[in-house]
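Worksheet: the structure to be examined is printed underneath.
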Amino acid sequence: MEALVSKPVEASPSPPPQTSHHHHSRLQQQQRRSLLSAATSIAHLRQLHAHLLKLGARDVSAPLLSKLLAYPLSSASPSSLHYALCVFRRVPDPPTPLCNRLLKELSRSAEPRAALLAYARMRRDCVPLDRFSFPSLLKALARVAAEGEGVGVGREVHGLAARLGFDSDPFVQTGLVRAYAGYGCVDDARRIFDHMSHRDLVAWGVMLDGYYQSGSYASVLKLFDEMKLSSTAPPDQVALVTVLSACGRTRNLNAGRDIHSYIIDGGVEMDEHLRGALINMYASCGSMVHAQQLYDQFCLKNLVASTAMVFGYAKTGMIDLARSIFDEMEERDLVSWSAMVSGYVECGRPQEALALFNEMRGHAVKPDRITMLSVISASADLGALDNANWIHVFVDRNGFWDIASVNNALIDMYSKCGSLSRAYRVFVEMPLRNVISWTSMINGYAMHGDGESALKLFDKMKAEGVEPNEVTFIGLLYACAHSGLVDEGRKIFSSMVDDHGVNPKYEHYGCMVDLLGRAKQLGEAMELIEKMPFPPNVIIWGSLLGACRIHGDLQLGELAAKKIIELDPDHDGAYVLLSNIYAKASRWQDVVEVRKLMKSRGVLKERGCSWIESNGKVHEFAIADESHSRSSEIYVKLDEVVKELEFSGYVPDTHSVLVDLDEEEKKKAILMHSEKLALSFGLISSAGKGSCIRITKNLRVCEDCHSFMKAFSGVFGKDIVLRDRTRFHHFKDGVCSCKDFW
DNA sequence: CTAGGGTTAG
């Protein structure tokens, strides 16, 4: 290529005589043009251009730009777009059609903003715009608007189009509808749409999509009905796709079915998009049988349809089916990976979520902030601090550190992983705190039983003028309940109603019943339940039942359990708590009756298990688990610890064993609880090397394990942080942070 | 020489 360029130019060693100069130069110009037209890529063109400039050639920008526009700029790199714009700036008096072609290309490109720069140049140099200029320009505006740009330039362009008399051109009007919808001014968009003298399928499609993008799903359906009545042409596939998506978003299966019938009855041709949209509609509405039927008819399973299937199965709890479809996909994008990851999180399988996240990174798919929220939530559920630290580093290194929602999730994650100090650090260091940040931190204190800090933070929050919401109050009441701050809790509850205008919901009443019940004010708790403006539900009765278990109130406990079982016959917790109450009162016959009842109704007690992290790996233990590779060592160590503790006065408390066994067997059973196995493993692995041992349990810790852990922390001088289903216990020097109040 | 619309998660 070098030779190709230099030959003709360097062939003139000395300045030619005046007379032939003009002729010679025209020859050169021609040669250059033919050179340009021989170029095969934008990069090639750039090199030629650079050469010509270096040789002091005359302006070639106009033919160069023409040539550039022959390539699809829409798929060009940002630097190439910038280059095209630079060339454009050098074209003297560019003709409007050439500008329009540039506008069109730039508006479709990865940098729609570049079209606005071209527009600015046209305005500056008084290049006249015509009716063909506006549709591209407006498309660029709509795309920039989606990035969060204000409506200012949009209104300016609209004004210009009106001054030039183009605002009655249907193409311009359609562009305006789209641009206004993009800015979120969907009412302005609709006004223009209504003023259109002729609405074709594209105009309807744009208006429908405008409503869809702005989240006005009901308006999509309404407009679709209007379209069926008043449009000159019946709705086409594009319109139907948008309407079906709106049905999916709103879980409106009935409307979705109607559209499906409309398609079949009207003989609308099923293209790939439309079938995908139908599958998505059924999957989003949880109607997986129909989704699967349509999916099976697909010869080529496309990305969108497969993702919709993954999402649908994950949402309906059939996570393994979701995974098998996911595994069969030959192509996956951010959305499909994220759908699968969040599916695992939502069905309580954080380890698989995190494993899949790592696999996703291995496939060089970059997570976005939403994916990160799922992953942080998985890490929170897992409760493993090393893993949490790793996720935090990932967040910082990948540019998510300044996003409020991500930081809020990190606060929650660290709280749930047992590190309030790290949670607080995130809270302090984040650039902008919102009400959720304060609420997350308050909730963190609540989980750890530090009611005083929660209340202090609440005061600070109010002092900074941040208005608490109903979730904030759940955290505050929970904090009071779990720290025995009865009067403070009562005050918060009335201040919530009187000063902040928050109407208490089930959760708030539940916390209050909990608070009063724990403080042995069972009568007052019952009064509150009777005073509630809505019928008590499982949460309320559950709170009361929990309190009855603590205080051994048989009569009220039986009532609460009966109510729960009436409302939810499969509520395993109610049976378990009730039998705990009977066991505590040594009413073994009743314990047996409850067990029989459970069995006959097929109610299964959720299997208790505990996790502990060692060397970045999470080890899981079930009761009497022998599946761990170091199982025998674990039992030897456990035996050693038990002997030591018994020597110091620990006596196994067998009251919570609900199976009918003799005392010795009960003792054996209780010593094989999963949290004790996890602790023992911690002692023989690197998990026990640090200053404290961190264990997570899926259910509530039982009373014996609680006193076992306390005794351990005193005798062995090692702290334990145990997370159970609802809160944290910090065992240190023989006492627990919950003050035996949980 | 030139113009406008579609699908998937949270």
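By convention in this document, chain letters (A, B, ...) are assigned in the order of the sequence lines, proteins followed by strands, and residues within each chain are numbered from 1. Small disclaimer: the values here were computed from a predicted structure and weren't measured.
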Residues 372-383 of chain A vs side-chain hydrogen bond (donor to acceptor under 3.5 Å, both in side chains), sequence neighbours excluded, gives Ser379(A)-Asn387(A)
Q: For Asp333(A), answer base if it contacts any base atom (sugar-phosphate contacts may also be present), sugar-phosphate if it contacts only those atoms, and nothing otherwise; contact means non-hydrogen atoms under 4.0 Å.
A: base
Rounded to whole Å, the CD1-C1' distance (Ile279(A) to dG6(B)) equals 16 Å
Residue pairs meeting side-chain hydrogen bond (donor to acceptor under 3.5 Å, both in side chains), one or both in residues 146-161 of chain A, sequence neighbours left out, come to Arg113(A)-Glu147(A), Arg113(A)-Glu149(A), Arg155(A)-Tyr180(A), Arg155(A)-Asp188(A), His158(A)-Tyr180(A)
Practice item. Please confirm whether any donor atom in the side chain of Asp209(A) sits under 3.5 Å from an acceptor in the base of dG4(B), or the reverse. Key: no
With a cut-off of under 6.0 Å to the ring centre and 45° to the axis, is Arg332(A) in cation-pi contact with Phe326(A)?
yes
I'd like to know if Asp200(A) reaches the base of dG4(B) with its side chain such that a donor and an acceptor end up less than 3.5 angstrom apart. yes
Touch class at under 4.0 angstrom, heavy-atom based, for Arg249(A) against every strand present: sugar-phosphate
Item to complete: For Gln173(A), answer base if it contacts any base atom (sugar-phosphate contacts may also be present), sugar-phosphate if it contacts only those atoms, and nothing otherwise; contact means non-hydrogen atoms under 4.0 Å.
Response: nothing
Short N-O contact, Asp194(A) and Arg190(A), less than 4.0 angstrom: yes
Original post:
Is the distance from OP1 or OP2 of dG6(B) to the nearest side-chain N or O of Arg178(A) less than 4.0 Å?
Top reply: yes
(message) I'd like to check, for Phe171(A), whether its ring lies over the base of dA3(B) with centroids under 5.5 Å apart and a plane angle smaller than 30°.
(response) yes
Classify the nucleic acid contact of Ser338(A) as base, sugar-phosphate or nothing, counting any heavy atom under 4.0 Å across all strands shown. base
If you look at every strand shown and take non-hydrogen atoms under 4.0 Å, does Phe134(A) touch a base, only sugar-phosphate, or nothing? nothing
